[in-house]
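What follows is one structure encoded as C-alpha cells, with my remarks underneath.
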Amino acid sequence: MTVSVHNPDQYMAALRTIIAQGRKRIGLLVGAGASAGMAKPDGTYPLIPAVAGLTEQVLTTLAPTYQKQIDGLKGELARHDIETILSRVRSLSQVIGSAKVHDLDGPGFATFGTAICSEIGKIVDVRLPTTRSAYADLVNWISGTTRDYPVEIFTTNYDLLFEEAFESVRAPYFDGFTGGREPFFDPVSVSRSDLPARWTRLWKLHGSLGWRASAKGEVIRTGQSSASHLVFPEHLKYDQTQKAPYAALLDRLRTFLLTPDTLLVSIGFSFADAHIAARLDEALAANPSSSVFAFQYKMIEEEGPACDLARRLPNFSVYARDQAKVNGIRGAWKAPAELPNKDWGPIRSTYLDKDGHFMLGAIEPFARFFAASRSVQAFPAAPTSTPTLATSSPTTGTAAVV
C-alpha cells in the first residue's frame, strides 16, 4: 500500500526563508475569504462577508423591489452568486431595450444593476480595526524588507482595506491610476511595471469602491466610497471591455506568472472564478519556473477548483486544513515528533493547531506568519541543503514523511 504524507515543518521552514529575504519575485492573490476571516473592532466575525454572505445580504435587501427578477435570474443561471447575477443584469440592460425580461426592460435592469452595486458598496465600505489587523501585518511584512522586486497584490475584493493599511504607515503603492482631479487608468504603466520596487502593486481585478465611469465612459478613480463599477464585465461589448481596466489587470496577472522564478501565494480565494483560473492555468503550463501556493481554509475535499488545478499543474500546490497536494501528490499533514531545532516549537504553533490541522488558510494566522518571518527564528537549519516547497516521497507500505 502507498501512503503519502507531507511534513509541514519542511515546507514552512522553506517558505519563511523565501519571504524573509526580499530577493524573490512574490505576489499575493487575495480573495473574499480574506476579509471574511478578519474580525470587526468588537471582535466578532466577519469584517466583510464572503461572496455567499454578500449575495444573501444584497438580495435580501433588494427583494421587496426586485423579487420577481431575482427569482427569474436564479432560474436561468447555473451560479447564483452576486457577481454572476450582476453580470447578467448588466447584459440585459445593454441588449433588450424596450422589450421586457422578467417584467423589466433595459433601463429597468440598468437601475437594478445600480442598486446592486450600491448595496455592495454599503456592505464592503468598512474600516480596519485601529488595533492589529491581518492587512496591517501583511503591509508590515512588505514594507519591512528591502526588495529586489515589488510585491504584487492581486485581489478580487472591492473594499479599500489594503489601501487603508498602506496609507496608515505611509507605504507607497500603485493601483494603475494616475492623476489628481479624475485619476485615469494607465495600462502602459501596468504592463511595464517600472516604478521602484518599494512601490507595492495593488491590482483590483474585479473593480473597487471609488471607481466609476467618467463622462467619456472611461473608468476613473474618485477617492470616494461609492460603488458603481464593480465586477469583471464579461457580457459587455468588446470595445467597452478594452476601455475598462479589467482586461489589463488580468493580463498583468498572466504576465506576472510568465516571468521566470515567480511565486504567487493565494489566501481566501476559491479558484472558482473562470477568468482568473484560465490565466493561471495558461501561465503555469507555459512557465514551469513559476509557482502558485494556494492556502485554503477548508478541508481538501471541499476545495475542488483548487485541486483541479493542482491535478493538472505540478507547479500549483494546495495547502488545505487537513491535507496538501504538492507536485500532484496528495497526502495528509504529518509533523515529525522531533522538531527541526530546539526553538521550532513556537514557530510550529503558528501554522499547526493542537489537532495537527494546518491553519494558514485563514488570513489572520497567515498574515502573522508572514509578518514574523523576519524574526531570528526565521532561519533555522534547513531540513535539506536547498530549501524547497515542492518535494514529497510516497513510499510503498509505509507513510513517507517529507
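On a predicted model such as this, the values are computed, not experimentally measured, just so you know. These numbers come from the heavy atoms of this one structure, side chains and all, not from hydrogens, waters or symmetry mates.
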Take a 6.0 Å sphere around CZ of Arg198 and say whether it holds more than 12 heavy atoms from other residues, nucleotides or ligands. no
Flag if over 12 foreign heavy atoms under 6.0 Å of CD, Glu56: no
Going by distance alone, is a donor N or O of one side chain under 3.5 Å from an acceptor N or O of the other, for [X] and [Y]?
{"X": "Tyr135", "Y": "Glu163", "result": "no"}
{"X": "Glu167", "Y": "Tyr173", "result": "yes"}
{"X": "Asp9", "Y": "Tyr351", "result": "yes"}

To the nearest 0.5 angstrom, please state how far the [atom1] atom of [X] sits from the [atom2] atom of [Y].
{"X": "Met12", "Y": "Gln10", "atom1": "CE", "atom2": "CD", "value": "10.0 Å"}
{"X": "Phe112", "Y": "Tyr66", "atom1": "CZ", "atom2": "OH", "value": "7.0 Å"}
{"X": "Ile267", "Y": "Tyr319", "atom1": "CD1", "atom2": "OH", "value": "13.0 Å"}
{"X": "Asp175", "Y": "Ser208", "atom1": "CG", "atom2": "OG", "value": "8.0 Å"}

Is it true that [X] and [Y] have a side-chain N and a carboxylate O under 4.0 angstrom from each other?
{"X": "Asp42", "Y": "Lys40", "answer": "no"}
{"X": "Glu218", "Y": "Arg212", "answer": "no"}
{"X": "Glu301", "Y": "Arg330", "answer": "yes"}
{"X": "Glu119", "Y": "Lys122", "answer": "yes"}
{"X": "Lys68", "Y": "Asp103", "answer": "yes"}
{"X": "Glu152", "Y": "Arg252", "answer": "yes"}
{"X": "Arg88", "Y": "Glu76", "answer": "yes"}

Centroid-centroid under 6.0 Å between [X] and [Y] rings:
{"X": "Phe295", "Y": "Phe293", "value": "no"}
{"X": "Phe174", "Y": "Trp199", "value": "no"}
{"X": "Trp211", "Y": "Phe177", "value": "yes"}

Would you call [X] and [Y] a side-chain contact if the rule is heavy atoms closer than 4.5 Å?
{"X": "Thr262", "Y": "Ser291", "value": "no"}
{"X": "Ile85", "Y": "Leu59", "value": "yes"}
{"X": "Leu264", "Y": "Phe256", "value": "yes"}
{"X": "Ile26", "Y": "Ile18", "value": "yes"}
{"X": "Ser317", "Y": "Lys325", "value": "no"}

Cation over ring face, Arg147 and Trp141, 6.0 Å, 45°: yes
Of all pairs that satisfy salt bridge (Lys or Arg N to Asp or Glu O under 4.0 Å), the ones with a partner from residues 21-37, not counting sequence neighbours: Lys24-Asp261
Identified side chain to side chain donor-acceptor pair (under 3.5 Å) partner of Tyr246 from the options His229, His206, Lys204: His229
